[in-house]
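Presented below is the structure to which this report refers.
Note that the structure is predicted; figures quoted are calculated from it, not measured.
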Amino acid sequence: MDKINLEQYHLNFFLKDLEEINISLSEKQLIQFMSYYELLIEWNQVMNLTAITDFDEVMKKHFIDSLSLVKAYDVSKTVSLIDIGTGAGFPGIPLKIAFPDLDVTLLDSLNKRVNFLNTVIDQLGLEKIQAIHGRAEDFAKKGKLREQYDVCVSRAVANLSTLSEYCLPYVKIGGYFISYKSEKIEEEKKEAEHAISVLGGKIENQIAFMIPNSDIYRSLFIVRKEKETPAKYPRKAGTAAKEPL
């Protein structure tokens, strides 16, 4: 990891936001976040990772937003976590930096993005984290990563029924699937109840809040895995999106 000088960054807003969600970071962790930001901007010039590139916006809309999982789940515990459709690594990498004891898997369907994630992991010196290239439907099969994780998270843009079919098969019984949502989606939640039940889950809670010092609304849907997901789910590639349960 190239030596990052923290004094060259205006960290006041980021530190204030971290304080509001009760997270404190060491100098090493702050350097890791700044290195992540630099890599994100550098790679974004040659491939589409994010439309958000302004420093303070990345801090708030990607890093703080990812870390807001703490409002729904005690991430300080040593647990296994999988991030489905991680894209540029959100929320999985910010969570890993802030909570180094997490055992993290990042899954994305685009190989170029996985190359970026592996570069970040390598340059930040992160351990107990892997990036996998593949579709959610494929790695949820028996004998792969099925029902291996304490918690599955996703910031992917898809309706809750579809996301549940992608994500719940990865969760151990007693574990959680937590979906990051940015709209007030009572109707979507209602429509997803049947799918979640079929897949072995139950909506336990919905936590709505504003990202600190912003007008950005966020909602975390917390689904508890109560029984095994039937073997036929997830269905073959693309079906969950086209024909939600």
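In plain terms, the two heavy atoms of Ala131 and Asn118 that are nearest each other are CB-OD1, 3.6 Å. Shown here for Leu220 and Ala72, the closest heavy-atom pair between the two residues is CD1-CB, 3.7 Å. Of all the heavy atoms in Pro169 and Pro234, the pair that sits closest is CG-CD, 3.6 Å. The shortest non-hydrogen separation linking Ala88 to Phe116 is O-CE2, 3.4 Å. Contact between Gly201 and Val223 at its shortest, heavy atoms only, is CA-CG1, 4.1 Å. For the pair Met34 and Leu11, the tightest heavy-atom approach, listed with the atom from each and the gap, is CE-CD2, 3.5 Å.
The main-chain N or O of Asn213 is found under 3.5 Å from a side-chain atom of Lys60 such that the two form a donor-acceptor pair. In terms of modelled atom types and a separation under 3.5 Å, the side chain of Glu165 and the main chain of Pro244 share no donor-acceptor contact. The main-chain N or O of Phe177 is never found under 3.5 Å from a side-chain atom of Lys225 such that the two would form a donor-acceptor pair. Using modelled atom types, one side-chain atom of Arg218 and one backbone atom of Lys181 make a donor-acceptor pair closer than 3.5 Å. Here the side chain of Asn44 pairs a donor or acceptor atom with the backbone of Thr50 at under 3.5 angstrom. The backbone N or O of Ile211 lies less than 3.5 Å from a partner atom in the side chain of Ser214, making a donor-acceptor pair. Panel note: side chain Gln32, backbone Leu124; a donor-acceptor pair is recorded below 3.5 Å. Side chain of Tyr180 to backbone of Val153: no donor-acceptor contact under 3.5 angstrom is found. At distances below 3.5 Å, at least one donor-acceptor pair connects side-chain atoms of Gln29 with backbone N or O atoms of Ala98. Side-chain N or O atoms of Gln148 include one that pairs as donor or acceptor with a backbone N or O of Arg146 at under 3.5 Å.
Summarising the local packing, CD of Glu226 is surrounded by more than 12 heavy atoms from other residues, nucleotides or ligands at distances under 6.0 Å. Other residues, nucleotides and ligands contribute at most 12 non-hydrogen atoms within 6.0 Å of the CD atom of Glu228. Around atom NZ of Lys190, no more than 12 heavy atoms belonging to other residues, nucleotides or ligands sit under 6.0 Å away. Annotation: Glu127, atom CD; neighbour count of heavy atoms from other residues, nucleotides and ligands within 6.0 Å does not exceed 12.
Annotation: side chain of Ile21 is in contact with side chain of Pro212 (closest heavy-atom distance under 4.5 Å). With a 4.5 Å cut-off on side-chain heavy atoms, Leu69 and Leu95 count as touching. Looking only at side-chain heavy atoms (C-beta outward), Asp150 and Asp103 stay at 4.5 Å or farther from each other. Put simply, the side chain of Ile132 reaches to within 4.5 Å of the side chain of Leu145, judged on heavy atoms. For the pair Phe99 and Ile23, the minimum side-chain heavy-atom distance is below 4.5 Å. The closest side-chain heavy-atom distance from Val70 to Asn22 is not below 4.5 Å. Using a 4.5 Å heavy-atom threshold, the side chains of Leu106 and Asp108 count as separate. Between Arg235 and Leu245 there is a side-chain heavy-atom pair separated by less than 4.5 Å.
For the residue pair Glu38/Ser35, the side-chain donor-acceptor check at 3.5 Å is not satisfied. A donor-acceptor contact closer than 3.5 angstrom is absent between the side chains of Tyr166 and Ser154.
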Quiz prompt | Step-by-step side-chain contact (heavy atoms from CB on, under 4.5 Å) determination, Ile84 to Cys152 | solution = CA-CA 7 Å; Ile84 300 292; Cys152 175; 3.5 Å; yes
Exercise. Could you walk me through whether Gln206 and Ser219 pass side chain to side chain donor-acceptor pair (under 3.5 Å), step by step?
Key: CA-CA 7 Å; Gln206 178 187 356; Ser219 187; 3.0 Å; yes
Exercise. Could you please spell out the steps behind the side-chain contact (heavy atoms from CB on, under 4.5 Å) verdict for Gln123 and Leu39?
Key: CA-CA 9 Å; Gln123 296 208 11; Leu39 286 166; 3.8 Å; yes
Quiz item: So Met59 and Phe55, side-chain contact (heavy atoms from CB on, under 4.5 Å) or not? Walk me through it.
Solution: CA-CA 6 Å; Met59 297 300 116; Phe55 178 78; 3.4 Å; yes
Practice problem: Could you please spell out the steps behind the ring-ring contact (aromatic ring centres under 6.0 Å, His included) verdict for Phe14 and Tyr9? | Solution: CA-CA 10 Å; Phe14 184 46; Tyr9 299 95; over 10 Å; no
Exercise. Could you walk me through whether Val79 and Tyr73 pass side-chain contact (heavy atoms from CB on, under 4.5 Å), step by step?
Key: CA-CA 11 Å; Val79 294; Tyr73 191 84; 3.7 Å; yes
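Taken together through direct or relayed side-chain contacts under 4.5 Å among Ile, Leu, Val, Met, Phe, Trp and Tyr, Leu15 and Tyr37 form part of one hydrophobic cluster. Under the 4.5 Å side-chain contact rule for hydrophobic residues, Leu6 and Ile64 share a cluster. Follow the hydrophobic side-chain contacts under 4.5 Å out from Val120 and you never reach Val114; the two are in separate clusters. One hydrophobic cluster, built from ILVMFWY side chains closer than 4.5 Å, holds both Ile52 and Leu40. Note: the hydrophobic cluster containing Met47 also contains Leu117 (ILVMFWY, side chain heavy atoms under 4.5 Å, direct or indirect links).
From Leu102, atom CG reaches atom CG of Leu126 across 11.5 Å, with rounding to the nearest 0.5 Å. Taken from CD1 in Ile93 to NE2 in His62, the straight-line distance is 12.0 Å, to the nearest 0.5 Å. Going from atom CD1 of Ile216 over to atom CZ of Phe209 covers 10.5 Å, rounded to the nearest 0.5 Å. In this structure, the separation between CZ on Phe13 and CG on Asp56 is 6.0 Å, given to the nearest 0.5 Å. Distance CD/Gln130 to CD1/Ile121: 8.5 Å, rounded to 0.5 Å. Remark: Asp215 CG to Met210 CE distance equals 6.0 Å, nearest 0.5 Å.
A distance below 6.0 Å separates the ring centres of Tyr36 and Phe90.
Under the 4.0 Å criterion applied to side-chain N and carboxylate O atoms, Arg155 and Asp65 are assigned as salt-bridge partners.
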